[in-house]
Chemist: 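Sharing a structure below in structure tokens format, with a few things to ask.
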Amino acid sequence: MTEIPPFQQLLTMTDLLVPAAVRAAATLGIADHVAAGATTADEIARRAGSAPDVTDMLLRYLVDIALLDRDVNGGYALTALAEPLRSDHPQSVRAMLRNDGMFGSSGLSLLRLDHTVRTGRPGYVAEFGRDYWDAVNNDPAFVAEWREQGEAADRMDLHWDAGIVVTGYDWSGVGSFVDVGGHLGNLTLALVRAHSHLRGTLLDLRNVSAEAGRRFARSEVADRCTAVEGSFLDPLPEGHDVYLLSAILADWSDDDATLILKRCAEAAGATGKVLVADIAMPVGGAGSELRLRSMMPAPTRTAEDIERLAGAAGLRLSWRGPDTAVRTLLEFVGQ
Ligand SMILES: C[S@@+](CC[C@H](N)C(=O)[O-])C[C@H]1O[C@@H](n2cnc3c(N)ncnc32)[C@H](O)[C@@H]1O
């Protein structure tokens, strides 16, 4: 057997055409159009709003890579491999692959891995001009995807050992808390459900806080949960007993993490507490580390590292709770 020369192997390994073609198909909804009865290039292009001649090239290429079959009359049909590209498939991957989607677009940050390796900063920012959370929160195109996430969250349990925030801290003397960067409200809801005296205010950026507010409104604890739009890089609502940072600092550089802690310290004042429930996600080797770093700063920190940043933000450790493999629970008060 003739060996493939290394230069040829390298060119094959790095060819972007297959991923680009599959992503183009996902973005344009080709599988949905074919499943809905469009079988010719012209009709598929008409439904996709795409250029007919290049659509024809894409469809012929999708035949080459076994995503489409072509019958004797030239009509296209999905192969079994292409079925999960349909939006309504039970294992649909379309949202993960669309270049214009919230999740699909994030994968494109890997194209700027050179930037991440050179500077240590996320390729996402280099590719899209703003950080991941800013982009996914402020683009109206992603509202529908957040809504789906909110509905899915209604059916999910807490993850990354967030249960220790609910059961591993003494909430008995706490009247109200702010879930700073509370995302879709899973933890706010779990806390107020488990502790009937508690009131929670979730603060997050636009799209996420709007969806969290919708979830709260349809919950049975709507009278004790509020969602507000805001940035934790700006001053926070004052006067609450606990400012909770769950799985927040791990997305931010030391400078930004210190600013976030400072904002919590300012709002907590002399009597409030800052409860940091940070996570160190287990990553599965160099590949997943690079994937994560291309999207976010994603530093790995020990409890002592967090204590050092909190000190720089004017906070001192007042209590340390149970650790799990992925999460620490640290309570701070003003110095
Ligand atoms: C990893 S999630 C953490 C979610 C949640 N606290 C938990 O424990 O699951 C990070 C959250 O921070 C929010 N976020 C990012 N930047 C923010 C900012 N500047 N101000 C407020 N929230 C922000 C994101 O929208 C997202 O909901």
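Note that ligands are numbered from 1 as they come in the structure, with each ligand's atoms numbered from 1 the same way. In this chain, numbering begins with 1 at the start of the sequence shown.
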Chemist: Using a strict cut-off of less than 4.0 Å between a Lys/Arg side-chain nitrogen and an Asp/Glu carboxylate oxygen, indicate whether Asp154 and Arg218 qualify as a salt bridge.
Modeler: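 Result for this pair is yes, salt bridge flagged.
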Chemist: Checking Glu229 now: which residues fulfil salt bridge (charged side-chain N to carboxylate O under 4.0 Å, His left out) with it, not counting sequence neighbours?
Modeler: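 Arg206.
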Chemist: Is there any protein N/O under 3.5 Å from an N/O of ligand 1, and what does the full list of such pairs look like?
Modeler:
unit_1	atom_1	unit_2	atom_2	d
ligand 1	6 (N)	Gly181	O	2.8
ligand 1	6 (N)	Ser246	O	2.7
ligand 1	8 (O)	Ser246	O	3.1
ligand 1	8 (O)	Ser246	OG	2.5
ligand 1	19 (N)	Ser231	OG	3.0
ligand 1	20 (N)	Phe232	N	2.9
ligand 1	25 (O)	Asn137	ND2	2.9
ligand 1	25 (O)	Asp204	OD1	2.6
ligand 1	27 (O)	His183	ND1	2.7
ligand 1	27 (O)	Asp204	OD2	2.7

Chemist: What's in the same ILVMFWY side-chain cluster as Met57, cut-off under 4.5 Å, chained through other members?
Modeler: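 Members other than Met57 - counting any ILVMFWY side chain reachable under 4.5 Å - are Val54.
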Chemist: Could you list the residues that satisfy ring pair (Phe, Tyr, Trp, His ring centres under 6.0 Å) with Tyr169, not counting sequence neighbours?
Modeler: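 Residues passing ring pair (Phe, Tyr, Trp, His ring centres under 6.0 Å) with Tyr169: Trp171, Trp319.
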Chemist: Look up atom CD1 in Ile248 and atom CG in Asp204, then write down how far apart they are to the nearest 0.5 Å.
Modeler: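 One gets 7.0 Å once the value is rounded to the nearest 0.5 Å.
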Chemist: Using the six-membered ring wherever Trp is involved, compare the ring planes of Phe128 and Tyr124 and label them parallel, tilted or perpendicular (cut-offs 30° and 60°).
Modeler: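 Rings of Phe128 and Tyr124: tilted, as their planes differ by 30° to 60°.
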